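To start, the structure itself, in structure tokens.
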Amino acid sequence: VQLQASGGGLVQAGGSLRLSCAASGRDFGGYGMGWFRQAPGKEREFVAAISWNSISTDYADSVKGRFLISRDNAKNAVYLQMGSLKPEDTAVYYCAASRTVRRSSSQYGYWGQGTQVTVSS
């Protein structure tokens, strides 16, 4: 599975952005998908994950209620709708694929290249 993240940009605090992750390769529908982020000088952290059939979702406490993960298996895509953005959401955001839905980045075998999100105060 090859992944390509897009949709990042510069937004003011309180604003919204929608990230997209396009997947190529076979059996995208068989993978759980996750979003992670990494801010300068910090470790990569879990943001959200969704199961292959969209039945299960999981969110980091820091984004719960503000971010929404979704997917469209027919389009081989996963999305992260981000709202009420805060300066501390500034990071490079990565999408990743895994056979299971987990918070640990080590469980994800496929990664996109990342897209920069910058939230100004």
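These numbers were taken from a predicted model, which means no experiment stands behind them. Values reported hereafter were calculated over all heavy atoms of this structure, with side chains retained and with hydrogens, waters and symmetry mates removed. Numbers here simply count residues along the sequence, with the first being 1.
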| message | Given Tyr79, which partner from the list Leu19, Ile69, Asp72 fulfils the side-chain contact (heavy atoms from CB on, under 4.5 Å) test? | response | Asp72
| Is it true that Lys64 and Asp61 make a salt bridge, defined as a side-chain N closer than 4.0 Å to a carboxylate O? | yes
| request: Locate the shortest heavy-atom distance separating Pro87 from Ala13; write the atom from each residue and the value. | output: CD-CB, 4.1 Å
| field | Gly30 versus Arg99, closest heavy-atom pair with distance | value | O-NH1, 3.2 Å
| field | Distance (rounded to the nearest 0.5 Å) between Thr115 OG1 and Leu80 CG | value | 11.0 Å
| message | Are there over 12 heavy-atom neighbours, none belonging to Gln113, within less than 6.0 Å of that residue's CD? | response | yes
| field | Rounded distance (nearest 0.5 Å) linking atom CZ of Phe46 with atom OH of Tyr108 | value | 6.0 Å
| field | Minimum side-chain heavy-atom gap Cys95-Leu3 below 4.5 Å | value | yes
| Are any of the side-chain heavy atoms of Arg37 and Val63 separated by less than 4.5 Å? | yes
| query | If you round to the nearest 0.5 Å, how far is CG of Leu68 from CD1 of Ile50? | reply | 8.0 Å
| request: Compare all side-chain heavy atoms of Met82 with those of Val117 and state whether any distance is below 4.5 angstrom. | output: yes
| task | Indicate if Phe28 and Val101 have the same hydrophobic cluster label, given that clusters are the connected sets of ILVMFWY residues with side-chain heavy-atom separations under 4.5 angstrom. | result | no
| said: Keeping Ser84 on the side-chain end and Arg66 on the backbone end, is there a donor-acceptor pair under 3.5 Å? | reply: no
| So do Tyr31 and Trp52 actually touch side chain to side chain, heavy atoms under 4.5 Å? | no
| query | Same cluster for Val47 and Val11 if Ile/Leu/Val/Met/Phe/Trp/Tyr side chains link at under 4.5 Å? | reply | yes
| Are any non-hydrogen side-chain atoms of Trp111 and Arg44 less than 4.5 angstrom apart? | yes
| Nearest 0.5 Å, what's the CG-CE distance between Asn73 and Met33? | 9.5 Å
| field | Main-chain N/O of Tyr59 paired to Arg103 side chain as donor or acceptor, under 3.5 Å | value | yes
| task | Identify the heavy atoms of Arg71 and Ser51 that sit nearest to each other, and give their distance. | result | NH1-O, 3.1 Å
| field | Test item: Phe67 and Trp35 side chains (from C-beta on) under 4.5 Å apart, heavy atoms | value | no
| task | Drop me the distance from Asn76's CG to Gln4's CD, to the nearest 0.5 angstrom. | result | 13.5 Å
| Roughly how far, to the nearest 0.5 Å, is the OH atom of Tyr93 from the SG atom of Cys21? | 15.0 Å
| request: Indicate yes or no for a side-chain donor-acceptor contact from Thr90 to the backbone of Val119 under 3.5 Å, with no hydrogens or angles considered. | output: yes
